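Keep in mind that what you see is a predicted model, and the values were worked out from it rather than measured. All residue numbers in this chain count up from 1 along the given sequence. Counting starts at 1 for both ligands and their atoms, in listed order.
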Amino acid sequence: MRKIYIFDTTLRDGEQSPGVNLNTDEKIKIGLQLERLGVDRIEAGFPAASSGDLASVNAVAKAVRNATIVGLSRSREQDIDAVREALKDAEDPCIHIFLATSPIHRKYKLRMDKQQVLDNAEAAIRYAKKYFSKIEFSAEDAARTEIEFLTEVTQMAVDNGVSVVNIPDTVGYKTPSEFGEIFKTLKANVQGIDNIQLSAHCHDDLGMATANALAAILNGADQIEGTINGIGERAGNTSLEEVAMALETRNDFYKAKTTLNLKEIARTSRLVSKLTGMPVPGNKAIVGANAFAHESGIHQDGMLKEKSTYEIMSPGTIGLRESKLVLGKHSGRHAFREKLIDLGYEMETEQLNVAFKKFKDLADRKKTVTDDDLLAMVEDKLVQIPEVFQLDKIQLTYGNQSTPEATVSIISKQGKTLEGTSEGNGSVDAIYKALDTLTDEKVELVDYAIKSVSQGKDALGEVHVVMRQQQITVTGRGVSTDILEASALAYLNAVNRVIDKREKGHGGSRDNMSLV
Ligand SMILES: [Zn+2]
């Protein structure tokens, strides 16, 4: 069976999504989960963007051992040197060099003619060749490049010994048949093309990223680049889970397969959504909450008689649990531990004790604790950021005829209890104003979203906030049985992240950084 290589760029292209700014710990967590998912290559970042980016790529390269780690680079020596530095500890390093080739980019961005583009790219590949045995070359905006010139550029890259030539539809412009035709033409006209891999990198501006990637596969692409949940700039990138499941479900048609561990798809999707703060729409293919829900009466009737009447994939394939075994306040430590192992979390005794205590508190406030509740609770502490401020108490007066007033107390890193009172337009506003006076951080709330983790009136509430302080944008998350407490927790979580980012100098702006 023909193998399709999966190149994940959640940590690079995905991280360029507006409002997303992952810290090093979060990148490592996602990198390790991508390794479990079995992706072949992980693009960990763009080391030349900032010293923080370089350090993150280096940390991911150290942590992940069973995937090729890729660093992005423009066609210039300083960038290539930054990737060398970032990947010096990688088990299997690869450099990804790009240069734009389309007429519009040549004219307005690069101010280079065709020959200059060829010469610059060749010089970069030759320089990188001294240090890397694996090189991927991307012709940025390849999809809008004259096919004759793209063939020439690809020939140059092949002649210079790259391992992969990537064809990006940088602006998400092509239709599947047009995009497929590019691969067919390169396959037919570039000498030695069978010695390298051809790769497709698509954007979803017209909703065709997955269709274009699949068309590329049908026409000879060996590798698909994309992200988990399809996150990325603008409308995002190809969703890797969609490509993997299309190849799996329609194997009869595509006759090609990935070697992904499909059962890790649901978990990877959830983790990426949590850490990036980007919710997955309910109707999103494969990983949306409704993707396997059959609501209508006719469908339900059919499903009960025979699943395949309406179900082309089984939720178990992507690791969604069908059993909804619940825990309650009488569940013991053993049952709790077994359940966590079942959900994929093996914990040290100390961590387990902390989690068990949280579970007991939760079970006191909520009749049944579902898998989703447990995951929300465990993943809450997945990434530790220094807690400069911790929530202590909230007291609130609210009436629909009066102005809400909140009294909030928090505990500082030095163990001091700070208390403040404020009025607001609503309860959340009152709490946030009170917190502002206590933390003394000038922050702007950019976005606030609330959703329930599970079903039922006593469901856990999960609040996501996006917060900005000058160049730094962060997301914060809080989970509680009470939405006002969850709101306060999310706010403090975000403030702690702002402080962490500022102190680590990760707030660098990446404006005007044109990328593949
Ligand atoms: Zn891209």
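- Defined by atom type and a distance below 3.5 Å, a donor-acceptor pair is missing between the side-chain atoms of D141 and T170.
- For A211, the side chain to side chain contact (heavy atoms under 4.5 Å, CB included) partners at least two apart in sequence or on another chain are P176.
- Around the Zn ion (ligand 1), the protein contributes the following N, O or S atoms under 2.8 Å, ordered by chain and number: D13 OD2, H201 NE2, H203 NE2, V516 O.
- Ring geometry for H201 against H203 counts as tilted: the plane angle lies between 30° and 60°, on a 0 to 90° scale.
- Using modelled atom types, one finds a donor on one side chain and an acceptor on the other under 3.5 Å when comparing S50 with D53.
- D81 and Y127 share a side-chain donor-acceptor pair at under 3.5 Å.
- Looking at T151 and N189, their side chains never bring a donor and an acceptor atom within 3.5 Å of each other.
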